[in-house]
Amino acid sequence: MKRSQLFSRTILAVLLCLVMCMPAIAAEKPIKLGFVYIMSGPFSTYGQFAKQGAQLAIDEINASGGILGRKVEGYFEDSTGKPDVAARALKKLVYQVGVDCLIGLDSSGVAKTVVPLIPQMKTPLIITHAATPDVTGNICNDYVFRISLNLAQNVKAAAKVASESKANLWTTIGPDYAFGHQSWEYFQKYLKELKPGVKFMPKDKVAFSPIKTTDFSSYITKIMQSKPEGVFISLWGGNLIDFVRQADQMGFFKGDFDVLMSLGAATEVLYALKDKMPVGIWVGTRYWFLSNNSPVNVKFRTAYHKRFGQYPSYNAHGAYGAVYTYKAAVEKAKSVDKKAVIKALEGLSIELPVGKITIRAVDHQAVTDACWGKTAADPAYPIRILKPMRIFPGKEITRPVEQTGCKRK
Amino acid sequence: MATRNILIVENLHHQFGKFKVLSGISLEVPEGRLTALIGPNGAGKTTFYNVISGKYVPTGGKVIFDGIDITGMPAYKIAPLGLMRSFQITNIFLKLSVLENVLVPLALHYGKTFSCLTSLGKEKSLAEKAMVILDQVGLKDRAFRPAFELPYGDKRLVEIAIALARRPKLVLLDEPTAGMNPEETERMILLIRNLSRESGTTFFLTEHDMKVVFSVAQYIFVLHQGELLAEGKPSEIRENKAVKEAYLGGALDA
Amino acid sequence: MGRNTSVKSQFISGVSIFGILALCPIFFPIYWTMILTEILIMGLFAMSFNLLFGYSGLLSFGQAGFFGLGAYATTISILHGVKSIWLAMLIGMAASAIGATLIGFLCVRRDEIFFAMLTLGFGMMIYTVAHNWRELTGGSDGLSLFMVPPIHFFGLEVSLEPPRAMYYFSLIIVAAAVYILWRVIRSPFGLMLMASRENKDRLYFVGANVKNIRLFAFVIAGVMAGLSGALFSLFNHMAAPSFVHWSFSARPVLMTILGGSEIFFGPACGAAIFFVLEQLVTSITENWMIVLGAILIPVVIFTPKGILGTVVSWFTDNKA
Amino acid sequence: MESFVVNLLNGLSWGMLLFLISVGLTTVFGVLGVLNFAHGSLFMLGAYLSMWVMHLVPSFWAGLVLGPVLVAVIGMVIEVFFLRPVYDRDVSYQLLLTFAILLVLDDAVRLIWGPGYHVVEAPQILAGVFPLFNHSYPVYRLFLVCIGPVIGGGLWFFFKFTRWGKLIRAAAMDREMAEGIGIRVPLLFTAVFGLGTWLAALGGALAAPHQSIGPSMGERVIIESFIVVVIGGLGSFPGAFIGAIVLGFLEAFGTVFAGRIQMALPYILLAVVLLIRPRGLFGEK
């Protein structure tokens, strides 16, 4: 008796599942977008911001009639910041969910290892955060695009700021992995071009801290003792927060030397530090919510602030912008066919909150503006803002295609 | 006919830090003679065994086994020469079957330690040899049971079977009847006597239970506070005054 | 429970599992075929770990070191022009074998938690090398394989790029490796391992050089981990430092205890449970860590023999 | 010279924080025989809960006192419900169980406080700097350098002279004997786990003004405190102290000399110590 009951219930459950798995047979199928970000663990802040940004864009688009009249659905997968898990997540989205476009990737290492897998999946991927120059450089391919600022662009802007300062002897502190080392290499290269007389600290005087570092005091000591005139900092996230607080206590920001932080204007850092972020320091970011007052940007930051209670971070902007970029490409191609969308993405120009971006046809890197500024207090905002602010036009900071190493075409 | 000495111990010393446990012990064990080492608690019997079987490196003196100087040799090198030992506390491979317990030393003996792709099940000759040994100690019918399921007395028998498996020339038995009930003790005495007579192995045992010693041993050494107090046939030891004093009179009458 | 019957039943179950696995891709969607490939590879990894843990009583917390050596050596040799997959995988296994011999020589002298911490330490040293030797290993970014060379046999060229081809390739390799492990466990050497787990001191006194026995097991386990690493790098087209990190070493531990360390297929079963669970949980919630933890706690407390181990002992207990 | 003194202080202050975390871990291991993987998460919980109290009351000192106590209560609950069933199991099961607890705690924290970073301020009295050569050195770090020996000394006094301390040491040496002389061992175990948790949480509360609070805090310290405990000798009190200081120095001075292998320094230290002294520096044979 009981057994048969169990049996029938199981069948019922299976049927229910089947029904739920076949959504809306009658209606036109929605467009599926797959997002892969770090959703869990230490760096899940980034995934959460991205998810909020993406959700906001999707809701806005659906409220105004969707893309080509079709609704948009977002599917979010967790990369956990590990390349094999990210690869699995991408496969799931492509083969299981059947998404029309992939969006995401936070970690450069993950991006670098999974990008070569994308052509197999025959699905476009729009990178919104990972900054390694290589994915639109020597490992570029037909399917991978990036709408966010890459490391080379951001550092080029940093070099421009640095070239205007009086400092002639530069050093760095950065995370001890590819991002930190590459940032320093590009910084030296670009600054040397702009200001040939400039000098850099030798290898044993610069500081690279492992990502798990929480106590930066000995690195701070090392840098201060080497008596530089300028310090370029590529730390980010929790590392940067720890560093800034400890460095501030040790007199790092007293003005003995100039300080540049390539990701110091990230909102998650500013929100954590609030008024503990020293003022008058040059900081950069991939997107700054006050960088312009275009209608698109005002709409984005107010809507985001209203819904999530914070001003949007660069990762929120990346996901938000990627959805709109995809929308623009589909509308340009008048189809969701993946090949057509890729064609449409190549050379696409679109107005995003960050400003107007253009995706280059060859290397698929977006030419987008970089924003730098000096930290300043403003009673209207709970966090430090940038004043004065410098916008570096995308054209000036994006290296020519020939220099990227991208061998498409 | 002068029998060969299978074990010669010369002026053996051992100490832990400043604490002297063995001070200058010399003795000889002739081949084939069932010899016993007795002494009150803390006399140094187990330490003596540990030194000979290679657990400790002695601080002085010499151990010669079967004509080879084994002083300070590690245990795993001594065993292949033909010197095996059993332990006072049951020390067997509990989760393995009784048969496997015996197969371990057998596989070692026949150089199969690192043969890793042949099936143990197909090593028929090993299994047969193991069954012979299990038969000798009377465990044949329990060969396939896991060792931890056996009653205490049987576990002690497994202990003996492991020691016998490599067909050693000399077996050191450390209190083989410790913790046994009278019936089990009786069985063990009988077993040791038979094995000593039939197997061609020399047995050298320590024992706490005087009854066992006097009913089994052909020759006895008495250890007291790390020194050899007396030696002789059981009857001689029984009469020895010094031994009686060492045991405070009590135990020997038992 | 006679060992012989359990051996026979293990063999039969092994063969039937292989049969079922060979049929799976026909019925499974492509994504699940890929998951299954991963389960196979991680299953082999977990079983290599269990040769040390379950059979020799050694808790290795650095098994990812050898997994990573296999993955890196395979990837690097393909990137440097090795055309044959077989040769590349052999190089991967050789690298793990050398690494395992050197590290094993130092580690097998210690027991229990000290062994675990030593292997953790050496594993993390390999991680540091992978993470920092940018010229060879690509540093923190790792290495990516743009193309896995096709395999050749009997003049036939088979590409491993299609997921189903990769699946069958992995299945055959893993089955061969598992068969070897099975032989090892049933051999006289396998008996030595179990004896060393049960009573190391006693084994010493019957004339076995326990260190050498352990070292040999350590090398076999290292090579098998290297093989699974090589497969994993081909499957994912990459080798990354995270493959070598201690948190990757924790995976086989988790899988083995989940499935059961006393059953031959326990670790592989644990791998399957782990992946399926992960797929289910992550599709429901982002907070999969809390759910996974909440599932693990009762499993550890109430099924000390692991899930497969508990199921098997239900059946055997009913018989008895 | 200048750099030497500053790095000495850097190493000492970090070492003292490590010591507080490790001494809890080692005490729990010494008495309960459990190597607690979730110890780092309890450290993190200490930081979060004291932050919560600090905002509620609002006083740094209230947070420093109450936060760890709250975490200790949570720790005791964990001990009673989850650890008790696994005391007689193999170390690996205990590791896995505590790992599962780690997963739950880490994610729970993320659910409650969000994935972002938080910052806690040091109280006015400790917030300043004092001149050291021609630089300034934060007072709070000096406070950390001093608080370590104070708590270490307190613990030493507790174990050496108080009844409870003696009971714990007796139970650590021989559980059965302790039961024999009438100690209620389960209660004692709960108390010891509470103590270990309290120490970890206190470490977290003290670390809060010094580093950012985030869900990754625990993961970052757990392996390091494992290393401290093992090189010092499992269950050894002075071992944890020396081990923590050695590791602190190694990491502080490592930035100067180690270059590329800097990341591996703790692991090299671990391997070298275990190969030379199998039971750690102060481990018993």
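Residue numbers start from 1 in every chain, and the chains themselves are labelled A, B, ... in the order their sequence lines are given, proteins ahead of strands. The structure presented is a predicted model; accordingly, all values stated were derived computationally and were not measured. The basis for the numbers below is simple: all heavy atoms, side chains too, and nothing from hydrogens, waters or symmetry mates.
With rounding to the nearest 0.5 angstrom, the OH atom of D:Tyr267 is 8.5 Å from the OH atom of C:Tyr127. The line from CE of C:Met125 to CD1 of D:Ile261 is 9.5 Å long, rounded to the nearest 0.5 Å. To the nearest 0.5 Å, the span separating CG on D:Leu35 from CE on C:Met117 amounts to 7.0 Å. Annotation: the span from C:Met289 atom CE to D:Leu103 atom CG amounts to 5.0 Å, rounded to 0.5 Å.
Contacts with chain D were tallied for C:Asp111, C:Val300, C:Leu254; C:Val300 has the most, counting heavy-atom pairs under 4.5 Å. Contact count against chain C (heavy-atom pairs under 4.5 Å) is highest for D:Ile223 among D:Leu105, D:Val86, D:Ile101, D:Ile223. When the candidates C:Ser247, C:Ala250, C:Cys107, C:Gly121 are compared by the number of heavy-atom contacts under 4.5 Å with chain D, C:Gly121 comes out ahead. Annotation: maximal heavy-atom pairing with chain C below 4.5 Å, among D:Leu95, D:Leu270, D:Val273, occurs at D:Leu270.
Proximity of a side-chain donor or acceptor of D:Arg89 to a complementary backbone N or O of C:Ile301 within less than 3.5 Å is detected. A donor-acceptor pair under 3.5 Å links the side-chain atoms of D:Tyr93 to the main chain of C:Pro304, judged by distance alone.
Shown here for D:Leu274 and C:Arg110, the closest heavy-atom pair between the two residues is O-NE, 3.1 Å. The minimum heavy-atom distance linking D:Ala100 with C:Ile297 is given by the pair CB-CG1, 3.6 Å.
Interface remark: C:Phe114 contributes backbone and side-chain atoms alike to the contact with chain D (heavy atom separation under 4.5 Å). Residue contact with chain D, scored on non-hydrogen atoms closer than 4.5 Å, involves the side chain of C:Ile113 exclusively. With a 4.5 angstrom heavy-atom cutoff, C:Leu106 touches chain D via backbone and side-chain atoms both. Using a 4.5 Å cut-off between heavy atoms, D:Leu111 contacts chain C through its side chain alone, with no backbone atom that close. For a residue to count as touching a neighbouring chain, one of its non-hydrogen atoms must lie under 4.5 Å from one of that chain's; by this rule D:Leu102 does not touch chain C.
The closest side-chain heavy-atom distance from D:Arg110 to C:Asn287 is below 4.5 Å. At least one side-chain heavy atom of D:Leu275 sits under 4.5 Å from a side-chain heavy atom of C:Leu118.
When the shell of 6.0 Å around CH2 of D:Trp113 is examined, it contains more than 12 heavy atoms from other residues, nucleotides or ligands. Other residues, nucleotides and ligands place no more than 12 heavy atoms under 6.0 Å from the CZ atom of C:Phe105.
Screening D:Val104, D:Asp106, D:Val109 for a side-chain contact (heavy atoms from CB on, under 4.5 Å) with C:Ile290, the sole residue that qualifies is D:Val104.
Separation of the C:Trp246 and D:Phe99 ring centroids does not fall under the 6.0 Å cut-off.
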